[in-house]
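Values below: every heavy atom of this structure, side chains too, minus hydrogens, waters and symmetry copies.
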Amino acid sequence: MTPRHGAGPAAQNPVPRPAAVLFDRDGTLVHDIPYNADPDRVRPVPEAADAVRLVREAGIATGVVTNQSGIGCGLLTHDAVRRVNARVDDLLGPFDVWVYCPHRPEDGCPCRKPRPGLVTDAARRLGVRPEDCVVIGDIAADVLAARAAGAEGVLVPNAATRPAEIAAEHSPAPDILSAVRRVLARPGPAAHPGRRTGTRT
């Protein structure tokens, strides 16, 4: 049997609220349209706006960490990605930091999820430790990137999530709002010294 992440006695210990919640973009905050360059096609997933609002109201920093390999493949430009990011920010934000990876999977870069670079970069820009972050995403690469950085990963599956990825998680959340409520139910206030607002990369 494949061990499930989060199982065991340590999972029963109280975990404090994070200093930052980092969201995947496509499939988590907005419906996934492959290589989308059109801001007008951006559609938030149900309850995404409420989820992000609750995090902000709790005084916890927010960010977006997203793979955008369409740039490396020649299907997108940096400007197009930034315009789509800006539309997401207008609909759901403001987010405190945006970080994306433009590389192809075969490039072997340190930033493309499931590697930790996006998470560690976002944490650095926010002035928090990666281990004080939670990453919420819809595929294994999101939670694996979180864990590689020392952060916590929460899987919110959708129709594109592979069954094996869901089975590997001890407690995936049924939707983004449930994931956020689970995090906010933890004790303790969040602190985020050096927080930087509205950084888009």
Looking at every heavy atom in both [X] and [Y], which two are closest together, and how far apart are they?
| X | Y | value |
| --- | --- | --- |
| Ala80 | Ala37 | CB-CB, 3.9 Å |
| Ala19 | Val128 | CB-CG1, 3.8 Å |
| Ala51 | Val180 | O-CG1, 3.6 Å |
| Gln68 | Asp26 | NE2-OD2, 3.1 Å |
| Cys73 | Arg104 | SG-CG, 3.7 Å |
| Ala173 | Ala179 | CB-CB, 3.6 Å |

Group every Ile, Leu, Val, Met, Phe, Trp and Tyr by side-chain heavy-atom contacts under 4.5 Å, then state whether [X] and [Y] land in the same group.
| X | Y | result |
| --- | --- | --- |
| Ile33 | Leu76 | no |
| Ile139 | Val88 | no |
| Tyr100 | Leu75 | yes |
| Val143 | Ile166 | yes |

Answer yes or no: is there a side-chain heavy-atom contact under 4.5 Å between [X] and [Y]?
| X | Y | answer |
| --- | --- | --- |
| Asp175 | Val45 | no |
| Trp98 | Arg25 | yes |
| Asn85 | Val64 | no |
| Val156 | Ile136 | yes |
| Cys109 | Arg115 | no |
| Pro102 | His78 | yes |
| Ile60 | Leu184 | yes |
| Arg87 | Val30 | no |

Checking Arg182 now: which residues fulfil salt bridge (charged side-chain N to carboxylate O under 4.0 Å, His left out) with it, not counting sequence neighbours?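 By the salt bridge (charged side-chain N to carboxylate O under 4.0 Å, His left out) rule, Arg182 matches no residue at all.
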
About how many Å separate [atom2] of [Y] and [atom1] of [X], when rounded to the nearest 0.5 Å?
| X | Y | atom1 | atom2 | result |
| --- | --- | --- | --- | --- |
| Leu22 | Glu152 | CG | CD | 11.5 Å |
| His103 | Ser69 | NE2 | OG | 11.0 Å |
| Asn158 | His31 | CG | NE2 | 9.5 Å |
| Ile176 | Phe23 | CD1 | CZ | 5.0 Å |
| Leu54 | Leu177 | CG | CG | 6.0 Å |
| Thr120 | Glu131 | OG1 | CD | 11.0 Å |

Heavy atoms from other residues, nucleotides or ligands near CZ of Arg186 exceed 12 (cutoff 6.0 Å):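 Correct, the count exceeds 12.
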
Under the 3.5 angstrom rule, does the side chain of Asp142 hit a backbone N or O of Asp138 as a donor-acceptor pair?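 Yes, because the side chain of Asp142 sits within donor-acceptor range (under 3.5 Å) of the backbone of Asp138.
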
Spell out, as yes or no, whether a donor-acceptor pair under 3.5 Å connects the side chain of Asp89 to the backbone of Pro94.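 Checking the backbone N and O of Pro94 against the side chain of Asp89, no donor-acceptor pair under 3.5 Å is found.
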
Apply the test side chain to side chain contact (heavy atoms under 4.5 Å, CB included) to residues Val154 and Glu169: give CA-CA distance (whole Å), side-chain angles for both, the deciding distance (0.1 Å), then the verdict. CA-CA 9 Å; Val154 179; Glu169 294 300 309; over 6 Å; no

Of Asp24, Asn67, Thr66, which is the lone residue that meets side chain to side chain donor-acceptor pair (under 3.5 Å) with Lys113?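 The side chain to side chain donor-acceptor pair (under 3.5 Å) with Lys113 is passed solely by Asp24 among Asp24, Asn67, Thr66.
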
By side chain to side chain contact (heavy atoms under 4.5 Å, CB included), which residues pair with Pro114, not counting sequence neighbours?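 Testing Pro114 for side chain to side chain contact (heavy atoms under 4.5 Å, CB included), a comparison that skips the adjacent residues, returns Ala141, Leu144.
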
